[in-house]
*Asks:* 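So that we are looking at the same thing, I have put the structure below in structure tokens.
Below, read A as the first sequence line, B as the second, and so on, with proteins coming before strands; counting in each chain starts at 1. Bear in mind that the values here come from a model prediction, so they are computed numbers and not experimental data.
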There are 2 protein chains.
Amino acid sequence: MNDYTNILREHNLKATPQRLAIANALCTNGHMSIETLYGIMLKKFSSISLATIYKNINLMLENTFIQEVKLPNAKSVYELTKTPHSHLLCEACGNVEDILLNLNSIIEDALKASEFQIEKTDLVLSGVCKKCRK
Amino acid sequence: MNDYTNILREHNLKATPQRLAIANALCTNGHMSIETLYGIMLKKFSSISLATIYKNINLMLENTFIQEVKLPNAKSVYELTKTPHSHLLCEACGNVEDILLNLNSIIEDALKASEFQIEKTDLVLSGVCKKCRK
DNA sequence: TCCTAAAGGATAATTTTTATCTATTGATAA
DNA sequence: TTATCAATAGATAAAAATTATCCTTTAGGA
């Protein structure tokens, strides 16, 4: 169980018990939707309001403490901000994994082919994970 | 103005005037959100119901006549199904463009690094387009 | 320890999306 | 052509998702 007190403060977020619990839930679970996060939070704070979840998720996004991951045919999930990475989505079980891929050559190709100044990439690779293939 | 009658039918969709208009709107505009599509459709069918837009979008998605494009920090847009491609998003003006990029090497890397059987990719490159950079 | 802006909980309001119901219509076959 | 019928459109209600409001509580600095 990590202590996110200081990391929250570095992102200009007061370290409330609810926020520390959100941070820990995301740390242990990796990627979570609003509703599953709400479910987990309810176990610890039986009277937590769904509005508190939304307010914190939005504030944490604005302050880049967390990131939203938009998935095809699924609800968005949220993760703690890490070094840039891509995602693997299992279409069978819905599980999401991080994967580090070097996209430099792709970005170069895109720079040549377009007139865009590219700042960031969002890549989701969808398929079937090992467990679900058996 | 293309005639999508047969293409709709090939996707098991009756070619109603509303659907033909949706197809043409997507063809000429490339990528559209629900609300902008509704706005355009209202010009042609002053009493069209928003429910009709949603029902058609969902049915067209199920029958792969169109695709949803999920964008970071923006609402989803929809496009006619074409050969697989990636997207460029201008963070300044919100414009979305298609871009053909060869992702084979990335997919290979991902296959090696993961235990996934990869079926498809969703890539959005965000940045600033030429017009907005001036 | 005190003070204050910020946060939490309860709840209402808003927005987004889906479901329901009836009249209409596209597509097929006689 | 016309008749037939399942599918669709529109109107609207309902449900789901998200945000706003209000008041009490609290984190964190003075």
*Asks:* Tell me which residues in residues 72-80 of chain B lie within less than 4.0 Å of DNA chain D, going by non-hydrogen atoms.
*Replies:*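 Heavy-atom contacts with DNA chain D come from no residue of residues 72-80 of chain B; none.
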
*Asks:* What does the inter-axis angle of the helix from C/dT1-D/dA30 to C/dA30-D/dT1 come out as, five pairs per end, nearest 10 degrees?
*Replies:*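 Comparing the axis at each end, I get an angle of 50°.
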
*Asks:* For B/Glu68 and C/dT16, give me the distance from atom CD to atom P, rounded to whole Å.
*Replies:*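 In whole Å, C/dT16 P and B/Glu68 CD are 15 Å from each other.
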
*Asks:* Please name the pair of heavy atoms, one in B/Gly127 and one in A/Phe116, separated by the smallest distance, quoted to 0.1 Å.
*Replies:*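 Here B/Gly127 and A/Phe116 meet closest at C-CD2, 4.3 Å.
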
*Asks:* On DNA chain C, nearest-nucleotide positions of B/Asn58 versus B/Ala15: which is more 5'?
*Replies:*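 Between the two, 5'-proximity favours B/Asn58.
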
*Asks:* Would you mind reading off the distance between A/Leu61 atom CG and D/dT19 atom C1', rounded to a whole angstrom?
*Replies:*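 So the two atoms are 15 Å apart, to the nearest Å.
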
*Asks:* For the pair A/Thr36 (side chain) and A/Met32 (backbone), establish whether a donor and an acceptor sit closer than 3.5 Å, ignoring hydrogens and angles.
*Replies:*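 No, because the side chain of A/Thr36 does not come within donor-acceptor range (under 3.5 Å) of the backbone of A/Met32.
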
*Asks:* Is A/Leu103 reachable from A/Leu125 through a run of I, L, V, M, F, W or Y residues, each pair having side-chain heavy atoms under 4.5 Å apart?
*Replies:*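 Linked, A/Leu125 and A/Leu103 end up in one cluster.
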
*Asks:* Can you pull the salt bridge (Lys or Arg N to Asp or Glu O under 4.0 Å) pairs that have at least one residue in residues 9-25 of chain A, sequence neighbours excluded?
*Replies:*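 Matches after skipping sequence neighbours: none remain.
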
*Asks:* Tell me, for nucleotides 4-12 of chain C in 5' to 3' order, what letter each nucleotide earns: B for a base near a protein heavy atom under 4.0 Å, S for only sugar-phosphate near one, - for neither?
*Replies:* -BSSBBBB-

*Asks:* N/O contacts under 3.5 Å, protein versus nucleotides 1-3 of chain C?
*Replies:*
none

*Asks:* Which residue pairs satisfy the salt bridge (Lys or Arg N to Asp or Glu O under 4.0 Å) criterion with at least one member in residues 76-98 of chain B, sequence neighbours excluded?
*Replies:*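 Sorted result for residues 76-98 of chain B: B/Glu79-B/Lys82, B/Lys82-B/Asp98.
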
*Asks:* Using a 4.0 Å cut-off on heavy atoms, which residues in residues 30-41 of chain B reach DNA chain C? List them by number, or say none.
*Replies:*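 Hits under 4.0 Å, by residue number: none.
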
*Asks:* List the atom pairs, donor and acceptor, that lie under 3.5 Å between side-chain atoms in residues 60-69 of chain B and the rest of the protein, sequence neighbours left out.
*Replies:*
unit_1, atom_1, unit_2, atom_2, d
B/Asn63, ND2, B/His11, O, 2.8
B/Gln67, OE1, B/Thr81, OG1, 3.1
B/Glu68, OE2, B/Ser76, OG, 2.7

*Asks:* Could you give the distance from CG (A/Leu88) to CD1 (A/Ile99), rounded to the nearest 0.5 Å?
*Replies:*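 It comes to 4.5 Å.
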
*Asks:* Rounding to a whole Å, what distance do you find between A/Arg9:CZ and D/dA27:C1'?
*Replies:*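 That distance rounds to 8 Å.
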
*Asks:* How many angstroms lie between OH in B/Tyr78 and CG in B/Asn56, if you round to the nearest 0.5 Å?
*Replies:*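 These two atoms lie 12.5 Å from each other.
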
*Asks:* Using a 3.5 Å distance criterion without hydrogens, assess whether the side chain of A/Thr28 forms a donor-acceptor pair with backbone atoms of A/Asn24.
*Replies:*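 Pair found, side chain donor or acceptor close to backbone of A/Asn24.
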
*Asks:* Rounded to whole angstroms, how far apart are CG on A/Leu20 and P on D/dT26?
*Replies:*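 The distance from CG of A/Leu20 to P of D/dT26 comes to 15 Å, rounded to the nearest Å.
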
*Asks:* Which residues satisfy the side-chain contact (heavy atoms from CB on, under 4.5 Å) test with A/Asp3, sequence neighbours excluded?
*Replies:*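 Only A/Thr5, A/Leu20 meet the side-chain contact (heavy atoms from CB on, under 4.5 Å) criterion with A/Asp3.
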
*Asks:* Listed by chain and number, what are the side chain to side chain donor-acceptor pair (under 3.5 Å) partners of A/Glu108, not counting sequence neighbours?
*Replies:*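 Side chain to side chain donor-acceptor pair (under 3.5 Å) check on A/Glu108 returns nothing, list empty.
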
*Asks:* What distance separates A/Cys90 SG from B/Glu115 CD, expressed to the nearest 0.5 Å?
*Replies:*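 Going from SG on A/Cys90 over to CD on B/Glu115, the span is 12.5 Å.
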
*Asks:* Short question: side chain of A/His31, backbone of A/Asn29 - any donor-acceptor pair under 3.5 Å?
*Replies:*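 No, A/His31 side chain to A/Asn29 backbone: no donor-acceptor pair under 3.5 Å.
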
*Asks:* Please list all pairs passing the side-chain hydrogen bond (donor to acceptor under 3.5 Å, both in side chains) test where one or both residues lie in residues 120-132 of chain B, with sequence neighbours left out.
*Replies:*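 Checked against side-chain hydrogen bond (donor to acceptor under 3.5 Å, both in side chains) - neighbours excluded - the pairs reaching residues 120-132 of chain B are B/Lys120-B/Asp122.
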
*Asks:* If I take atom CG in residue A/Asn6 and atom C1' in nucleotide D/dG28, what distance separates them, rounded to the nearest angstrom?
*Replies:*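 Answer to the nearest Å: 13 Å.
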
*Asks:* side-chain contact (heavy atoms from CB on, under 4.5 Å) with A/Ile53: which residues, sequence neighbours excluded?
*Replies:*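 Result, side-chain contact (heavy atoms from CB on, under 4.5 Å) vs A/Ile53: A/Ile34, A/Leu37, A/Tyr38, A/Met41, A/Ile48, A/Leu50, A/Ile57.
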
*Asks:* Taking OH from A/Tyr54 and P from C/dT14, how many angstroms apart are they, rounded to a whole number?
*Replies:*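 One finds 18 Å between P of C/dT14 and OH of A/Tyr54, rounded.
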
*Asks:* Hey, is the main chain of B/Tyr4 close enough, under 3.5 Å, to the side chain of B/Asn2 for a donor-acceptor pair?
*Replies:*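 A pair under 3.5 Å: no.
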
